[in-house]
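Every chain is numbered from 1, with letters handed out A, B, ... down the list of sequences.
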Number of protein chains: 2
Amino acid sequence: MVQNGQITIHDIARRTGLSKGTVDRVLHDRGGVSRKSKEKVMAAIQELGYEPNVYASLLAKKEKPLIAVLIPKHEPDSFWELAASGIDKSAESIGAIGVDTLHFEYDQYDLDSFRTTCAKLLDANPSGVVIAPMFQEATEGLTQELHKRDIPYVFIDSKPETDGCLAYFGMPLYKSGYLCGDLLTGGQPVQNVLIVRIRRDRYQQSDPTINRRAGFMDYMLEHSPDCVLSNVFIDPNEPDKIEGTLSAWFEDHPQVRHIVMFNSRIHLIVPWLESHPDPKRRVVGFDNLKANMEALQRGIVTSLIAQRPDEQVRLAIEALTEFILFRKLPARKDNYMHMDILTRYNAEYY
Amino acid sequence: MVQNGQITIHDIARRTGLSKGTVDRVLHDRGGVSRKSKEKVMAAIQELGYEPNVYASLLAKKEKPLIAVLIPKHEPDSFWELAASGIDKSAESIGAIGVDTLHFEYDQYDLDSFRTTCAKLLDANPSGVVIAPMFQEATEGLTQELHKRDIPYVFIDSKPETDGCLAYFGMPLYKSGYLCGDLLTGGQPVQNVLIVRIRRDRYQQSDPTINRRAGFMDYMLEHSPDCVLSNVFIDPNEPDKIEGTLSAWFEDHPQVRHIVMFNSRIHLIVPWLESHPDPKRRVVGFDNLKANMEALQRGIVTSLIAQRPDEQVRLAIEALTEFILFRKLPARKDNYMHMDILTRYNAEYY
DNA sequence: ATTATTTCCGTTACCGTGCACGATGATTAA
DNA sequence: TTAATCATCGTGCACGGTAACGGAAATAAT
């Protein structure tokens with residue numbers, strides 16, 4: 001440990017001939033200080049190089065900041081579960097420095113659920129909020145209220161076009177589609193590609209796969225202009241039918257050996273892939289769900305593109321904490337996360 | 001913010017009919033407490049779920065933990081510079097919670113320099129140390145002294161076989177070589193590979209490339225048993241000669257289009273690669289040095305394997321901080337970092 | 001001129017722990 | 001029996017900062 005001849009507010013009080021109460025007032029801009037005194041204090045702070053003692057401050061305030069996290073409800077092995085576990089992890093570490101965390105989860109297919117969850121969140125009166133938005137308008141309603149109450153918030157995953165948020169952490173969706181094209185083709189021209197898609201619920205508001213598909217299309221246009229792209233739709237609610245659907249399709253297109261999905265559900269087609277092995281096939285999907293990782297390590301899936309959802313939330317929570325505790329703004333407002341390329345050879349330590 | 005009905009030592013003092021002095025004594029095992037009192041206090045702590053207030057404790061002790069970091073001295077765009085910048089970043093964030101950080105840098109080719117730097121480090125009397133070891137024996141001398149003084153330490157990058165360190169954060173070297181094989185060959189059998197090597201200084205103690213090469217060899221043995229592996233040595237101290245060396249070699253082996261280096265200096269051969277373009281060539285190297293990244297984005301280098309040195313040190317410092325402040329042991333002792341695969345399509349956001 | 005407001009600032013009681021100091025009663029030595 | 005020793009414990013100040021409270025002086029209102 002280190003002995004610290006720290007400069008305290010007493011020092012600068014003595015130096016200015018004022019009391020520590022006044023010093024505290026200018027430190028926190030609480031008003032009620034004459035211009036002259038304020039200037040003297042500021043000067044002394046500069047000269048002596050005063051830095052507040054975080055411990056003493058936190059102790060005296062005897063308050064714990066609360067960070068609320070608003071994410072979609074999730075099934076066991078899903079993208080949002082990865083995010084949630086990331087929340088728990090960083091909740092632990094910031095809990096150590098005296099910051100509490102609270103999850104709020106809404107049904108991403110139910111606007112009402114989102115609304116009521118927002119209300120609950122506001123009731124908890126958090127000092128900061130992490131938002132994974134799904135419903136454009138309702139989110140705006142929330143952020144307006146947060147603004148009114150002067151509560152900072154950050155977005156993760158996706159974000160409204162313009163917004164007064166503190167920061168945003170997410171994946172570059174278009175680019176991830178582009179990268180996906182490179183991984184699927186291995187950089188070589190390709191004749192046929194099958195895109196497996198999920199019939200979206202009509203209530204679904206935001207769809208990241210649209211941007212990914214766009215990036216993918218552009219890659220293919222540039223590198224394999226003659227490639228035929230086919231689409232097959234499957235229904236995650238009827239997993240039994242998936243194998244049949246795929247088998248039927250491949251009956252007509254036996255030559256297709258490049259398969260891609262732009263959502264996190266590549267694991268849905270793994271049973272079919274396993275029962276129809278082809279060593280030359282290439283399969284690319286997204287996100288490090290457990291089921292996906294297993295398929296990757298068994299060689300069924302060629303590559304996954306992952307975005308470290310846990311790190312996304314960690315950074316989001318960290319940025320929020322720094323702002324709440326120390327009023328420190330994040331270095332960048334828009335933070336695009338690195339896209340991790342996972343293969344069977346580097347999956348082990350992810 | 002949230003009001004916290006925290007349990008304090010007063011509460012457990014009142015509950016046991018003792019004074020806070022006594023409670024403090026059992027909390028810190030300072031002796032001078034009867035068996036009966038001690039038991040009563042322990043019981044009350046259990047029942048009420050007492051958790052010490054870190055802020056108050058740190059404030060009262062009026063000490064700031066100091067974390068010392070011991071790494072090799074480094075040139076501008078080198079691996080250890082990446083690590084150093086990671087240190088600065090996390091120093092900032094833990095600085096916010098009142099933890100200081102201090103660099104100590106030694107000449108990795110000079111044992112004496114390591115020794116004197118260790119001495120300086122010990123003089124600073126840190127509460128925890130992060131070590132990037134290069135000299136086996138001298139490192140042991142340091143850790144023994146740290147043990148004596150009861151100072152926790154963690155290793156990064158590499159570590160001695162057996163040691164009482166708190167944790168270790170590093171890259172799985174052998175596996176990274178194996179992965180490297182897959183990236184270089186694209187999973188397809190290959191006829192010829194050129195390994196560009198650096199003539200090591202004879203004083204160099206640890207050489208991560210040995211393990212990487214081993215992993216690479218095994219991959220090739222399994223996937224391209226007939227492949228011819230050639231070695232060419234270059235000297236980083238005479239960059240002017242590199243182009244000549246390579247040109248001379250390729251005169252005799254024009255058919256070789258797979259090139260790999262197992263250290264972070266792939267950028268050294270970039271000038272030659274640029275002046276002898278070949279669209280079908282594949283080049284793989286290690287680490288996200290600026291020069292390497294540029295070559296990657298220009299398409300000169302096919303892939304890089306990076307290990308996020310900044311995250312390595314962040315995790316190391318974080319583990320140390322948690323232990324120093326809260327006596328919390330890290331979840332795992334050996335932490336192998338994820339190997340990042342970088343291509344021109346995902347390099348942008350790294 | 002007197003009273004009522006402001007403006008500005010010092011005082012003070014905390015926040016929860018750490019630790020030195022001294023007090024108390026019990027035990028032992030003289 | 002008296003003095004000295006010891007085990008055991010309570011008291012009180014310190015750490016640096018926060019913010020409520022109230023007082024003095026300056027200004028405004030009557």
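Nucleic acid contact class of B:Gly17 (heavy atoms, under 4.0 Å, all strands): sugar-phosphate only. Within the nucleic acid shown, B:Leu27 has no heavy atom closer than 4.0 Å to any nucleic acid atom.
If you take CG of A:Leu18 and P of D:dA24, they are 18 Å apart, rounded to a whole angstrom. For B:Asp11 and C:dG16, the CG to P distance is 8 Å, given to the nearest whole Å. Distance B:Lys38 NZ to D:dA7 P: 15 Å, rounded to the nearest Å. With rounding to whole Å, A:Leu48 atom CG is found 15 Å from D:dG16 atom C1'. Rounded to whole Å, the distance from NE2 on A:His10 to C1' on D:dG16 is 7 Å. Rounded to whole angstrom, the span from the CG atom of B:Asn53 across to the P atom of D:dG17 amounts to 16 Å. Atom P of nucleotide C:dC9 and atom CZ of A:Arg35 are separated by 12 Å, given to the nearest angstrom. B:Asp29 has its CG atom 17 Å from the C1' atom of C:dT17, to the nearest Å.
Residue B:Ser34 has a polar side-chain atom (N or O) positioned under 4.0 Å from OP1 or OP2 of D:dC9. For the OP1/OP2 pair of D:dG16 and a distance below 4.0 Å, the side-chain nitrogens and oxygens of A:Ser57 include no atom meeting the criterion. In this structure, A:Tyr50 reaches the D:dG17 phosphate: one of its side-chain N or O atoms is under 4.0 Å from OP1 or OP2. At the phosphate of D:dC9, neither OP1 nor OP2 sits under 4.0 Å from any side-chain N or O atom of B:Thr22. Checking the phosphate oxygens (OP1, OP2) of C:dC9, a side-chain nitrogen or oxygen of A:Ser37 falls inside 4.0 Å. Side-chain N/O atoms of B:Ser19 include one lying less than 4.0 angstrom from OP1 or OP2 on D:dG10.
Identified under the side-chain hydrogen bond (donor to acceptor under 3.5 Å, both in side chains) test for residues 39-48 of chain A, with sequence neighbours left out: A:Arg15-A:Glu47, A:Arg35-A:Glu39.
Contact between B:Thr143 and B:Phe155 at its shortest, heavy atoms only, is CG2-CZ, 3.8 Å. The two residues B:Gln108 and B:Trp80 come nearest to each other via the heavy atoms NE2-CD1, 4.3 Å.
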Can you pull every protein N or O that's under 3.5 Å from an N or O on nucleotides 19-23 of chain D?
residue : atom : partner : partner atom : Å
D:dA19  : N7   : A:Arg30 : NH2          : 3.3

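Between B:Asp11 and B:Lys20, none of the side-chain N atoms (NZ, or NE/NH1/NH2) sits under 4.0 Å from a carboxylate O, so this pair counts as no salt bridge.
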Begin with the C-alpha distance, continue with both residues' side-chain angles, and end with the deciding distance and a verdict on side-chain contact (heavy atoms from CB on, under 4.5 Å) for B:Ile87 and B:Ile71.
-> CA-CA 10 Å; B:Ile87 294 172; B:Ile71 59 172; 4.0 Å; yes
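Ring pair A:Tyr336/B:Tyr349 is tilted by interplanar angle, where 30° to 60° counts as tilted.
Atom CZ of B:Arg332 sits in a sparse spot, with 12 or fewer heavy atoms from other residues, nucleotides or ligands closer than 6.0 Å.
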